[in-house]
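So the structure is just underneath, and the comments pick up after that.
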There are 2 protein chains.
Amino acid sequence: MPKESTARERLLATAGDIFYREGIHAVGVDRLVSEAGVTRATFYRYFPSKDELVRAYLESEDVALRELFASAGAAVDDPAELLELVLQGIAADVSQHHTRGCPFINAAAEFPDAAHPVRVAVRTHRDWFEATLVEVVKAAGIAAPESVAHSLVLLRDAALVGSYLDGPDVVVPSFVETARTVAGISA
Amino acid sequence: MPKESTARERLLATAGDIFYREGIHAVGVDRLVSEAGVTRATFYRYFPSKDELVRAYLESEDVALRELFASAGAAVDDPAELLELVLQGIAADVSQHHTRGCPFINAAAEFPDAAHPVRVAVRTHRDWFEATLVEVVKAAGIAAPESVAHSLVLLRDAALVGSYLDGPDVVVPSFVETARTVAGISA
DNA sequence: TCAGGACCAGAACGATCATTCTACTTCAAC
DNA sequence: GTTGAAGTAGAATGATCGTTCTGGTCCTGA
């Protein structure tokens, strides 16, 4: 009953699944359309190219995280509590949801050209994430918020990658502890 | 004058360059052989498959880093000084040499199957690196060396990825500072 | 009723993929 | 002096790549 096309949504959802789990250059259009139950013609009706679907996939990941932050910000009043919630949220995401690394880092590994739309989407996401973290850290009244936010971005990258390659059990406690140290929060 | 084949060496060197700079699935055998000045027949004389060349590429990266650590260990006596040298070495490597991220992390992004030879090479490398860091940290007389070494592995992952995506100027100082904090070393 | 858009089914495009093959040259070793 | 390994050149394999096309079905809105 959706006025918005269901074929496009299925395509995007399928792409999100498969691109993340198996890589981007490794999966072809045939695979995508057959998995989404859609024909090639329909694919090219909604996306001018495969690259554009890749970009849309990253954009939807970006949107999902922004919404997560927005709802977390709305649910919590105390800024210090929000920071703690963010750290816990990252830890949970890394152990349960994003177990194959960071979609943006993985995509960047496959797209060396920084001017490519896919890389622009990565850049956009990282800029937003960094700026958002600066706000959260600043609101929590922590000194040198830019520097701390930088470190937290680094640590989240590391947590995502490390959880994929070494397992969350080793990495997540290390992430939480290091993040608290950097932010100057006592356990 | 080398008894050892020069064709194989050229192939491996070329693969190291191109795989790192452009990704793995993105470059074909045609490209590799033409860039190395070698024919397809010669390629398949030395490597049973492209995947095997990928594995050999990662192995050579692994060997290079082990040699770097070995020579650093031989050049320095004071364990605390060695740890500092390792941190500086990572910082330098990240800003000057490995500016397209971590070869192992990038490869893992393209090879989702943990049992694949390429992923086994990644596993081997990370196990060695972690164990080596534990030794260095322990020798420096730092408390909880396993935990600290874990954190340093994470931070190096983050520095490599972050330097690629955000630039070394932002990331390297953050890496050095956070690493010193984690290791309990004063500036 | 019928026009038009959304979608399906499937063939076809030229290009490129990894891999294998034949045929010829070069050179060192026995 | 000959055998054989190492290499070159380049065609050929079948599969898959991203993309386009033809033709038909279904459903909705005017």
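Keep in mind that this is a model prediction, so the values were computed, not measured. Just so it is clear: chains get the letters A, B, ... in the order the sequence lines come, proteins before strands, and each one is counted from 1.
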(request) Nearest whole angstrom, please: distance from the C1' of C:dT19 to the CZ of B:Phe47. (result) 16 Å
(message) Distance check needed: C:dT19 P versus B:Leu32 CG, whole Å only.
(response) 11 Å
(request) Starting from P on C:dC7, measure out to CZ on A:Arg8 and report it in whole angstrom. (result) 11 Å
(message) What is the distance, to the nearest angstrom, from the CZ atom on B:Arg31 to the C1' atom on C:dA15?
(response) 16 Å
(request) Starting at atom OH of B:Tyr44, determine the distance to atom P of C:dT19, rounded to an integer number of angstrom. (result) 4 Å
(message) Using only modelled atom types and a 3.5 angstrom limit, is any donor from either the side chain of B:Arg45 or the base of D:dG7 paired with an acceptor on the other?
(response) yes
(request) Quickly work out the B:Lys50 NZ to D:dA15 C1' distance and round it to whole Å. (result) 15 Å
(request) Select from A:Gly28 and A:Ala41 the residue whose nearest nucleotide in DNA chain D is closer to the 5' end of that strand. (result) A:Gly28
(message) Closest approach to the side chain of A:Val29, judged atom by atom: which nucleotide of D:dT19, C:dC8, D:dA9 is it?
(response) D:dT19
(message) Could you check whether any side-chain heavy atom of A:Thr124 comes within less than 4.5 Å of a side-chain heavy atom of A:Leu58, counting everything from C-beta outward?
(response) no
(message) Output the rounded distance in Å from CZ (B:Phe43) to P (D:dG10).
(response) 20 Å
(request) Select base, sugar-phosphate, or nothing to describe what A:Val27 touches, counting heavy atoms under 4.0 Å on all strands. (result) sugar-phosphate
(message) I need the NE2-P distance between B:His25 and D:dC17, as an integer number of Å.
(response) 11 Å
(request) Please identify each residue that fulfils ring-ring contact (aromatic ring centres under 6.0 Å, His included) with A:Tyr20, with sequence neighbours left out. (result) A:His98
(message) With a 4.0 Å limit, can you tell me whether B:Thr42 has a side-chain N or O closer than that to the phosphate oxygens OP1/OP2 of D:dT8?
(response) yes
(message) What's the closest nucleotide to the side chain of B:Tyr46 if the choices are D:dA6, D:dT8, D:dG18?
(response) D:dA6
(request) Look at B:Arg55 together with B:Asp51 and state whether they make a salt bridge at an N to O cut-off of under 4.0 Å. (result) no
(message) Does this structure show an ion pair linking A:Arg126 with A:Glu130, if we count only N-O contacts that are shorter than 4.0 Å?
(response) no
(request) With the side chain of B:Ala7 defined as its heavy atoms from C-beta on, choose the nearest nucleotide among D:dG7, C:dT19, D:dG18. (result) D:dG7
(request) Return the orientation label for the B:Trp128 and B:Phe69 ring planes: parallel under 30°, perpendicular over 60°, tilted otherwise. (result) perpendicular
(request) Consider the side chain of B:Arg40, meaning its heavy atoms from C-beta on, and name the nucleotide among C:dA9, C:dT20, C:dA6 that approaches it most closely. (result) C:dT20
